[in-house]
Amino acid sequence: MSRTEEQGETPAGGSLAHRVPDLGGLELLLAVARIGSLGGAARELGITQPAASSRIRSMERQLGVALVDRSPRGSRLTDAGALVTDWARRIVEAAEAFDVGAQALRDRRDSRLRVAASMTIAEYLLPGWLLALRAQRPDTAVSLHAGNSTVVAERLLADEADVGFVEGLTVPTGLDSVVIAHDRLIVVTAPAHPWARRRRSLAAEELASTPLILREKGSGTRQVLDAALGGLARPLIELSSTTAVKAAAVSGAGPAVLSELAVGEELAMRRLVRVPVEGVALARDLRAVWPTGHRPTGPARDLLSLTRG
């Protein structure tokens with residue numbers, strides 16, 4: 001141990017954090033100067049008198065000077081304490097200005113939420129989540145960009161979205177994720193299509209070799225289907241939204257593979273018929289995604305919490 005440390009003096013080197021008292025100590029010193037009592041200062045700051053005494057002693061050791069004279073009549077600043085108090089006042093005022101600025105940044109962040117989501121999630125899940133978020137954060141303006149999983153990743157990595165939702169098999173490079181729900185793809189067709197009257201399940205090989213109404217390349221639905229079947233026939237029609245694929249199938253254009261989430265009403269009203277398939281699993285995870293190392297905060301964090309609830 002050095003001679004300076006033995007005498008309780010502060011070494012000249014090291015970072016400011018080791019040489020300058022923390023804000024709590026400086027606020028306590030200012031309260032002692034204003035009230036004239038260590039006990040009264042402790043009560044004002046919501047701490048015990050022993051804790052206040054310990055904090056003052058810690059500052060005195062840190063600075064190497066006595067700051068407060070204690071007596072039965074109260075607490076009085078030493079000459080050094082009065083000088084340190086003047087400096088402390090400027091530091092605390094600067095910290096208050098810093099806090100106001102930081103709050104303004106948080107308010108600006110919390111005033112908007114930019115969401116990017118793949119089509120199925122955007123059309124069938126996000127409306128409910130966003131209504132729930134609005135109840136929690138009525139002053140937050142939300143913008144939603146719907147696109148395929150590739151587009152969602154691009155917007156996140158370009159800082160054009162605060163949080164995203166995708167349906168693919170893998171997490172795009174550069175993104176972290178969490179599973180928020182599970183989904184299953186099903187084969188559907190109009191009631192007049194021959195598959196609607198099948199007595200046996202459709203074989204995976206027949207599904208793979210049949211031209212289908214499909215989403216575009218880059219969509220999570222297309223990725224899952226292609227991987228599960230080991231390849232697809234040339235599309236009958238290629239469309240850029242789940243709603244468009246569903247409408248084409250309802251019109252009788254041909255069979256399609258869609259999320260269960262998207263066709264509940266059409267199945268119930270017999271506008272579409274579900275075609276059982278054997279020999280292939282078409283389950284998939286739905287994920288929230290964000291840039292690696294930047295976990296959602298503010299409204300994005302609250303939205304993420306709602307999706308998992």
Side-chain angles (χ1 to χ4, degrees), residues 117-131 144-152 165-170 179-287 307:
S118 52
M119 288 296 185
T120 300
I121 297 175
E123 292 176 328
Y124 301 100
L125 292 176
L126 262 170
W129 297 337
L130 293 179
L131 281 174
L144 170 61
H145 182 90
N148 62 39
S149 297
T150 300
V151 170
V152 171
F165 298 93
V166 297
E167 308 155 9
L169 285 173
T170 59
V179 174
I180 56 166
H182 304 283
D183 186 26
R184 184 164 54 239
L185 300 179
I186 62 174
V187 179
V188 294
T189 190
H193 191 277
W195 282 3
R197 298 185 293 274
R198 291 179 65 99
R199 297 191 176 213
R200 292 190 304 171
S201 297
L202 188 69
E205 294 78 9
E206 186 176 356
L207 179 63
S209 63
T210 300
L212 303 170
I213 304 168
L214 293 174
R215 285 284 309 280
E216 79 287 4
K217 290 183 178 179
S219 75
T221 300
R222 180 81 169 259
Q223 290 173 8
V224 171
L225 183 60
D226 196 3
L229 296 177
L232 295 168
R234 183 176 179 180
L236 179 66
I237 310 173
E238 193 173 75
L239 299 168
S240 61
S241 77
T242 300
T243 299
V245 172
K246 182 168 61 173
V250 168
S251 75
V257 179
L258 289 164
S259 163
E260 272 190 319
L261 297 169
V263 294
E265 180 180 346
E266 286 73 19
L267 292 175
M269 298 183 69
R270 291 289 296 177
R271 293 202 298 264
L272 287 175
V273 176
R274 178 172 181 166
V275 182
V277 181
E278 62 182 8
V280 63
L282 295 176
R284 62 178 178 176
D285 294 329
L286 307 182
R287 296 176 178 272
T307 65

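Given the structure is predicted, the values throughout are model-derived calculations rather than measurements.
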**Message:** Does any part of the side chain of V273, heavy atoms only, come nearer than 4.5 Å to the side chain of H193, both counted from C-beta?
**Reply:** no
**Message:** Restricting to side-chain hydrogen bond (donor to acceptor under 3.5 Å, both in side chains), what partner residues turn up for R287, sequence neighbours left out?
**Reply:** S177
**Asked** Hey, are the side chains of E266 and V188 touching, using non-hydrogen atoms and a 4.5 Å cut-off?
**Response** no
**Item:** Minimum heavy-atom distance I237-A253, with the two atoms named
**Value:** CD1-CB, 4.0 Å
**Request:** With the side chain counted from C-beta on, respond yes when L207 and L212 share a heavy-atom pair under 4.5 Å apart, and no when they do not.
**Result:** yes
**Request:** Quick one: do T221 and M119 satisfy side-chain contact (heavy atoms from CB on, under 4.5 Å)? Show the steps, please.
**Result:** CA-CA 9 Å; T221 300; M119 288 296 185; over 6 Å; no
**Prompt:** How close do A196 and P191 get, heavy atom to heavy atom, and via which atoms?
**Reply:** CB-O, 3.4 Å
**Residue among I186, V245, I213 satisfying side chain to side chain contact (heavy atoms under 4.5 Å, CB included) with L258** = V245
**Asked** What's the spacing between T210 OG1 and L232 CG if we round to 0.5 Å?
**Response** 10.5 Å
**Over all atoms of both residues, closest heavy-atom pair of G279 and A204** = O-CB, 4.0 Å
**Request:** Kindly give the heavy-atom pair with the smallest separation between K246 and A262, and that separation in Å.
**Result:** NZ-O, 2.8 Å
**Fill in**
d(L126 CG, L131 CG) to nearest 0.5 Å is 10.5 Å
**Minimum heavy-atom distance S259-D183, with the two atoms named** = OG-OD2, 2.7 Å
**Item:** Pair E238 + K217: basic N to acidic O under 4.0 Å
**Value:** no
**Message:** So I121 and L286, do their side chains get closer than 4.5 Å, heavy atoms only?
**Reply:** yes
**Separation of E216 CD from L214 CG (nearest 0.5 Å)** = 10.0 Å
**Prompt:** Do R197 side-chain atoms and A192 backbone N/O form a donor-acceptor pair below 3.5 Å?
**Reply:** yes
**Message:** The criterion is salt bridge (charged side-chain N to carboxylate O under 4.0 Å, His left out); which residues satisfy it with R215, sequence neighbours excluded?
**Reply:** none
**Prompt:** Who passes salt bridge (charged side-chain N to carboxylate O under 4.0 Å, His left out) against R274, sequence neighbours left out?
**Reply:** E260
**Request:** Nearest 0.5 Å please: distance from the CG atom of L169 over to the CG atom of D226.
**Result:** 9.5 Å
**Request:** Applying side chain to side chain donor-acceptor pair (under 3.5 Å) between E167 and each of R284, R222, Q223, report the one that passes.
**Result:** R284
**Minimum side-chain heavy-atom gap I180-L125 below 4.5 Å** = no
**Prompt:** Got more than 12 heavy atoms from elsewhere within 6.0 Å of CZ, R184?
**Reply:** no
**Prompt:** What are the two closest non-hydrogen atoms of G231 and A208, and how far apart are they?
**Reply:** O-CB, 3.7 Å
**Item:** Within-4.5 Å side-chain heavy-atom neighbours: H182 and D285
**Value:** yes
**Item:** Exercise: do E123 and T243 side chains pair donor with acceptor under 3.5 Å
**Value:** yes
